[in-house]
Amino acid sequence: MTSAPMPSAPMTSAPGTVPPATAAQSASTAGPTAAGRTRGGVVARLRRSGGGPRRPGRVRRGALPYLLLLPALLLELLVHLVPMVTGVLMSFRKLTQFFIRDWSRAPWTGFDNYELAVDVNRPVGKALLDSFLTTCLFTFLSVALCWLLGTAAAVFTQHSFRGRGLLRALFFVPYALPAYAAVITWAFMFQRDNGLVNHVIHDQLGLGGAERTFWLIGDNSFWAMLTVSVWKSWPFAFLIVTAALQNIPRDLYEAAALDGAGVWQQIRRITLPSLGAVNQVLVLVLFLWTFNDFNTPFLLFGRSAPEAADLVSIHIYQSSFVTWNFGTGSAMSVLLLLFLLLLTAAYLLLTGRGRKDADAR
């Protein structure tokens, strides 16, 4: 005996509402108009809100680079900026050996230390000016020779030949050696009586007469210091120029050779113009390194360098730690910093403007 199916109750909806089936049918028949607008609005709201609901403690993408740079910034403040600000404050005080224990108790002198440093009619200012001129000449010769030797060696080893890897490795030896070990070795080589330089020049080659040359005192000290500076710095120029030469297409040299251009014409017309941007940075870095060089004169000559080799860096050291005039030495350091900042800004401005003019042509 089967029972008749129970009649189902008719589905009713509240007044003003649409049944689910009817809503689905209407959405499907409406096509991409209403549904597309709905999806587009949701996507737009998600984009404005950052791509979805935020999790607690989630770092915003805009703040992540600053968080990554924060440790380096803190170390920079501790290592460089804090001593720099302290030195600026010390330059406005009459800081001598009597206030070493508490330099904040030193009398405030304002710009007296700066006036003393720039007054060329007084011994302190005249000595600083002579040291500055010596440093300018030394920097110009050292940077020019480093760039010339580095570029020549890089162009010479640009093409492959037997033993090129070994020759490049030998070129990098001065740059790989620790600066202190290299300069101290040169100091022994420049000794008057038993140094290797005088042995080769006077004993082996028979040059310079019987009287041996003093290299670490007198006027010859400048050339000894220049030799050491160029010897230990030119491999850096060689490294940078060698890396830059790899970006010059070989097709340019092949096309120039087919047109009859010689080696010197290829260097003058292709190599040097292609190295323009690299040379601008290279010259600036070499200039800053050489102008601020302290290790070379200090290790060669000790605490008191000869007058011919009295660079600004060693002169400031003598003014601060030999004569105990820390206020005057701090003022000289601030003046040196301002000079380098102004010169660097002017150099970057001129080179940047020249690059824009070249691109415009």
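Heavy-atom basis, side chains included; hydrogens, waters and symmetry copies ignored. Just so it is clear, the structure is predicted and the values come from calculations on it, not from any experiment.
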Does some side-chain heavy atom of Asp112 sit less than 4.5 Å from a side-chain heavy atom of Lys94? no
Group every Ile, Leu, Val, Met, Phe, Trp and Tyr by side-chain heavy-atom contacts under 4.5 Å, then state whether Leu133 and Val124 land in the same group. yes
Is any side-chain heavy atom of Gln191 closer than 4.5 Å to a side-chain heavy atom of Trp215? no
Supply the atom-to-atom distance Leu145 CG to Leu286 CG, rounded to the nearest 0.5 angstrom. 11.5 Å
Tested for side-chain contact (heavy atoms from CB on, under 4.5 Å) against Leu348, the lone hit among Leu343, Val281, Leu284 is Leu284
Whether Asn113 side chain and Arg93 backbone form a donor-acceptor pair below 3.5 Å: yes
So, taking the atom named CG in Asn220 and the one named CE in Met225, what distance separates them when rounded to the nearest 0.5 Å? 12.0 Å
Nearest 0.5 Å please: distance from the OG atom of Ser91 over to the CG atom of Leu89. 7.5 Å
To the nearest 0.5 Å, what is the distance between CD1 (Ile184) and CE (Met189)? 14.0 Å
So, does Asn198 use its side chain to make a donor-acceptor pair with the main chain of Thr213 at under 3.5 Å? yes
For Tyr347, I'd like to know if atom OH has over 12 heavy atoms of other residues, nucleotides or ligands within 6.0 Å. yes
Taking the six-membered ring of Phe99, is NZ or CZ of Arg105 closer than 6.0 Å to its centre and within 45° of its axis? no
Residues Ser320 and Gly329: closest non-hydrogen pair is OG-CA, 3.3 Å
Under 4.5 Å between side-chain heavy atoms, counting indirect links through other Ile/Leu/Val/Met/Phe/Trp/Tyr residues: same cluster for Trp264 and Val155 or not? yes
Decide yes or no for Ile316 and Leu336: does some side-chain heavy atom of the first lie under 4.5 Å from some side-chain heavy atom of the second? yes
Are the side chains of Arg192 and Glu211 in contact, using a 4.5 Å heavy-atom criterion? yes
In terms of hydrophobic clusters joined by side-chain contacts under 4.5 Å, are Leu337 and Val82 together? no
Could you check, using the six-membered ring where one of them is a Trp, whether Tyr175 and Phe238 have ring centers closer than 6.0 angstrom? no
Verdict with reasoning, Leu73 to Leu69, per side chain to side chain contact (heavy atoms under 4.5 Å, CB included): CA-CA 6 Å; Leu73 180 60; Leu69 290 175; 5.6 Å; no
Aromatic ring pairing Trp234/Phe171, orientation class (parallel under 30°, perpendicular over 60°, tilted between): perpendicular
Run the salt bridge (Lys or Arg N to Asp or Glu O under 4.0 Å) check on Arg212 and Asp203 step by step: do they pass? CA-CA 10 Å; Arg212 292 178 176 268; Asp203 299 339; 2.8 Å; yes
Do Arg168 side-chain atoms and Gly163 backbone N/O form a donor-acceptor pair below 3.5 Å? no
With ring centroids as reference points, do Phe132 and Phe339 lie under 6.0 angstrom apart? yes
Which heavy-atom pair separates Leu216 from Ala187 by the least distance, and what is that distance? CD1-O, 3.9 Å
Within a reach of under 6.0 Å around CH2 of Trp324, are more than 12 heavy atoms found that belong to other residues, nucleotides or ligands? no
Side-chain (Ser142) to main-chain (Thr139) donor-acceptor, under 3.5 angstrom: no
Closest heavy-atom contact between Pro306 and Phe301? CD-CG, 3.5 Å
Phe92 and Tyr114 aromatic ring geometry - parallel, tilted or perpendicular at 30°/60° bounds: tilted
Intermediate values then yes/no, ring-ring contact (aromatic ring centres under 6.0 Å, His included), Phe172 and Phe236: CA-CA 8 Å; Phe172 285 126; Phe236 175 76; over 10 Å; no
For Ala261 and Gln266, work out which heavy atoms get closest and say how close. O-NE2, 3.3 Å
Distance-minimising heavy-atom pair for Gly218 and Ala308: O-CB, 3.6 Å
Just wondering, more than 12 heavy atoms not from Phe161 lying within 6.0 Å of its CZ? yes
Output field: ring centroids Trp103/Phe326 closer than 6.0 Å: no
Do Leu350 and Phe287 land in one hydrophobic cluster if side-chain heavy atoms of ILVMFWY residues count as linked below 4.5 Å? no
Please find the pair of heavy atoms, one from Thr242 and one from Ala154, that lie closest to each other, and give the distance. OG1-CB, 3.4 Å
List the steps and the verdict of side chain to side chain contact (heavy atoms under 4.5 Å, CB included) for Asp310 and Ile314. CA-CA 6 Å; Asp310 186 22; Ile314 199 72; 3.4 Å; yes
For the ring-ring contact (aromatic ring centres under 6.0 Å, His included) test, which of Tyr317, Tyr180, Trp289, Phe321 pairs with Phe294? Tyr317
Go through Phe214 and Phe190 one step at a time and tell me if the side chain to side chain contact (heavy atoms under 4.5 Å, CB included) criterion holds. CA-CA 8 Å; Phe214 289 95; Phe190 279 123; over 6 Å; no
Test Gln318 against Thr323 for side chain to side chain contact (heavy atoms under 4.5 Å, CB included), laying out the working first. CA-CA 7 Å; Gln318 293 174 357; Thr323 61; over 6 Å; no
Within a strict 4.5 Å, meaning less than it, do heavy atoms of the His315 and Leu128 side chains meet? yes
Would you please indicate if the ring centroids of Phe291 and Phe138 are separated by under 6.0 Å? no
For residues 118-138, pull every pair meeting side-chain hydrogen bond (donor to acceptor under 3.5 Å, both in side chains), keeping only residues two or more places apart or in separate chains. Lys126-Asp130
Can you tell me how far the CG atom of Asn247 sits from the CG atom of Leu275, to the nearest 0.5 Å? 9.5 Å
Keeping the roles fixed (side chain from His202, backbone from Leu207), state whether a donor-acceptor pair exists under 3.5 Å. yes
CG on Asn325 to CG on Leu95, rounded to 0.5 Å: 9.0 Å
Side-chain heavy atoms of Val263 within contact of Tyr253, under 4.5 Å: no
Given Leu226, which partner from the list Thr290, Thr296, Leu141 fulfils the side-chain contact (heavy atoms from CB on, under 4.5 Å) test? Leu141
Are Asp259 and Arg269 close enough for a salt bridge, meaning some N to O gap below 4.0 Å? no
Grouping I, L, V, M, F, W and Y whenever their side-chain heavy atoms are under 4.5 Å apart, do Leu196 and Trp223 come out in a common cluster? yes
